[in-house]
Structures are given as C-alpha cells and as structure tokens.
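Below is one structure, written out as structure tokens, with a few remarks after it.
One-based numbering along the sequence shown. All values below were derived from every heavy atom in this structure, side-chain atoms included, with hydrogens, water molecules and symmetry-related copies excluded.
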Amino acid sequence: MMENLASNRDRLAVIAISQNDALIWRHGIGPEDLPEHVRPPLEVDHRHRRTGQNDHGHDTAHRFPEYFEEIAEMVRGYDAILIIGHGKSKGAYHETLRDFLARKHPDLSEKVLETLSLDLSSLSEGEITKHARSWFQKNFRKLATWHDRQSPKWF
C-alpha cells in the first residue's frame with residue numbers, strides 16, 4: 001500500500017484541522033497544491049457560563065458531528081490520511097477527529113498514519129504542506145517497501 005502511495009500522489013490526504021476550519025489536501029502536498037476548505041456550521045447557540053466555571057466562561061466543549069462527517073466523506077477512498085492539528089488538550093480537534101473516525105468510521109481510522117500537533121495559527125498553507133512532506137520523508141522508510149523504491153515526485 002505505501003509503495004503505491006509513494007508513486008501516486010492522489011492516494012494521500014492531509015487534513016489540517018481546527019475548530020474554525022479544516023484544510024484538506026486531496027491531490028498532492030507539493031508547494032503548488034492548494035487545499036479545500038471545510039468549515040463547521042455556524043454556532044447558533046453560543047452559551048456563556050459564569051466566570052471561573054469550566055473553560056473559563058465559554059461552553060466550547062461541544063462538537064459538530066456534521067463537520068467531522070463532511071471531512072470523513074472527503075477523504076473516503078484514500079489509502080492514507082495524515083491529520084495535523086493544534087495543541088494536546090481536550091480542545092485539540094485533530095485528536096477529536098481521530099476519535100470520531102475510530103468510533104464512526106473504523107475503515108477510515110485504520111488509514112490514519114499519524115496525528116501531528118503544530119501551531120496552525122502561525123503557519124501558512126505552504127508551511128503546513130512543508131511539514132507534511134517532511135513528516136512523510138522521515139517516515140517513508142518504515143512506511144514503504146524498499147524494493148525498487150523511487151522517491152515521490154512531489155517531494
């Protein structure tokens with residue numbers, strides 16, 4: 001599977017997700033490749049809590065399953081998925097997406113190579129793909145079969 005992934009750039013999907021936006025690369029992670037944007041539904045019922053209670057006054061623990069479903073449908077059919085997010089707390093959407101896939105779409109969950117934590121708010125789209133390419137290059141040896149290996153053209 002990974003040898004095929006390396007020779008065919010349309011087999012790897014990269015998702016950079018936050019609570020406000022998901023960027024999805026489905027047709028390569030080269031410098032020239034642009035992501036598709038997915039946004040969660042507008043929050044109609046934003047609830048405030050008393051100061052000092054959970055999450056410092058905001059009820060942000062809720063999630064939008066429609067958001068995750070749309071992302072899941074977009075990456076269905078890919079051989080491998082790399083998820084990138086921000087942070088490691090309970091609000092880390094990349095971990096929440098991975099948990100969602102494990103519960104609702106185990107077939108897709110099996111294709112998740114890894115979840116990376118980066119400071120998405122300070123990175124451009126090009127820098128995100130650079131991190132994805134770097135991750136893939138570092139892990140290519142353990143992911144791919146080395147018989148007649150050729151480096152992917154999108155590195």
Side-chain angles (χ1 to χ4, degrees), residues 1-41 43 55 58 60-155:
M1 175 178 88
M2 289 302 145
E3 186 174 349
N4 183 25
L5 173 64
S7 62
N8 185 350
R9 66 190 228 164
D10 291 334
R11 304 313 311 154
L12 171 68
V14 175
I15 304 167
I17 186 170
S18 70
Q19 71 182 36
N20 300 323
D21 193 16
L23 304 174
I24 303 174
W25 285 265
R26 299 193 299 168
H27 303 290
I29 54 174
E32 70 284 354
D33 296 309
L34 299 175
E36 298 170 67
H37 291 259
V38 176
R39 290 188 172 74
E43 185 176 13
D55 299 322
H58 292 274
T60 55
H62 56 283
R63 302 286 191 249
F64 300 106
E66 313 86 35
Y67 181 38
F68 296 138
E69 283 294 343
E70 186 175 352
I71 293 167
E73 285 309 309
M74 289 181 75
V75 298
R76 189 167 299 288
Y78 285 81
D79 292 337
I81 302 166
L82 178 63
I83 302 174
I84 302 172
H86 180 82
K88 296 183 180 185
S89 67
K90 67 178 181 175
Y93 266 61
H94 60 301
E95 296 296 340
T96 305
L97 175 61
R98 188 171 195 168
D99 293 344
F100 175 84
L101 293 175
R103 282 190 333 273
K104 301 288 185 176
H105 301 282
D107 58 320
L108 289 176
S109 179
E110 292 175 4
K111 297 176 182 183
V112 175
L113 299 173
E114 191 168 345
T115 54
L116 301 178
S117 180
L118 302 173
D119 184 5
L120 292 179
S121 62
S122 69
L123 298 175
S124 68
E125 292 175 1
E127 290 170 323
I128 294 170
T129 58
K130 185 177 177 181
H131 281 284
R133 287 191 306 274
S134 175
W135 180 89
F136 195 82
Q137 285 177 327
K138 288 177 187 172
N139 292 281
F140 186 69
R141 182 180 300 264
K142 71 179 180 184
L143 295 174
T145 306
W146 281 90
H147 305 294
D148 300 320
R149 179 183 83 79
Q150 293 181 350
S151 182
K153 62 184 176 187
W154 37 274
F155 283 154

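Here Phe100 pairs with Phe68, His105 under the ring pair (Phe, Tyr, Trp, His ring centres under 6.0 Å) rule; sequence neighbours left out. Asn20 meets the side-chain contact (heavy atoms from CB on, under 4.5 Å) test with Ser18; sequence neighbours excluded. Contacts of Asp99 classified as side chain to side chain donor-acceptor pair (under 3.5 Å), with partners at least two apart in sequence or in another chain: none. Under the side chain to side chain donor-acceptor pair (under 3.5 Å) criterion, Thr115 pairs with Glu95, sequence neighbours left out.
Counting only heavy atoms from C-beta outward, the side chains of Leu23 and Glu36 never approach each other to under 4.5 Å. Contact check for Ile128 versus Leu118: no side-chain heavy atoms found under the 4.5 Å cut-off. At a threshold of 4.5 Å between non-hydrogen side-chain atoms, the residues Leu116 and His131 do not count as touching. Within the 4.5 Å cutoff, the side chain of Lys111 has no heavy atoms near those of the Tyr78 side chain.
Taken to the nearest 0.5 Å, the CZ atom of Arg98 stands 11.0 Å off from the CD1 atom of Ile15. Annotation: the span from Ile29 atom CD1 to Lys130 atom NZ amounts to 13.0 Å, rounded to 0.5 Å. The CG atom of Leu82 lies 10.0 Å from the CH2 atom of Trp25; values are rounded to the nearest 0.5 Å. Residue Ser117 holds its OG atom at 4.5 Å from NE2 of His94, rounded to the nearest 0.5 Å. Here Asp79 contributes atom CG and Leu12 contributes atom CG; the two are 9.0 Å apart, rounded to the nearest 0.5 Å. Rounded to the nearest 0.5 angstrom, Ser122 OG and His86 NE2 are separated by 8.0 Å.
Side-chain N or O atoms of Tyr93 include none that pairs as donor or acceptor with a backbone N or O of Ala22 at under 3.5 Å. Checking side-chain atoms of Arg11 against main-chain N and O of Ala80 turns up no donor-acceptor pair under 3.5 Å.
No side-chain N or O of Asp33 forms a donor-acceptor pair with one of His27 less than 3.5 Å apart.
Applying the side chain to side chain contact (heavy atoms under 4.5 Å, CB included) test between Tyr67 and each of Ile17, Leu97, Thr96 identifies Ile17 as the sole match.
Residue pairs meeting the salt bridge (Lys or Arg N to Asp or Glu O under 4.0 Å) criterion with at least one member in residues 67-78, sequence neighbours excluded: Glu73-Arg76, Arg76-Asp107.
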Inset, instruction - Run the numbers on Thr129 and Val14 for side-chain contact (heavy atoms from CB on, under 4.5 Å), then give the verdict. - result: CA-CA 8 Å; Thr129 58; Val14 175; over 6 Å; no
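Looking at every heavy atom in both residues, Ala92 comes nearest to Gly87 through CB-O, 3.5 Å.
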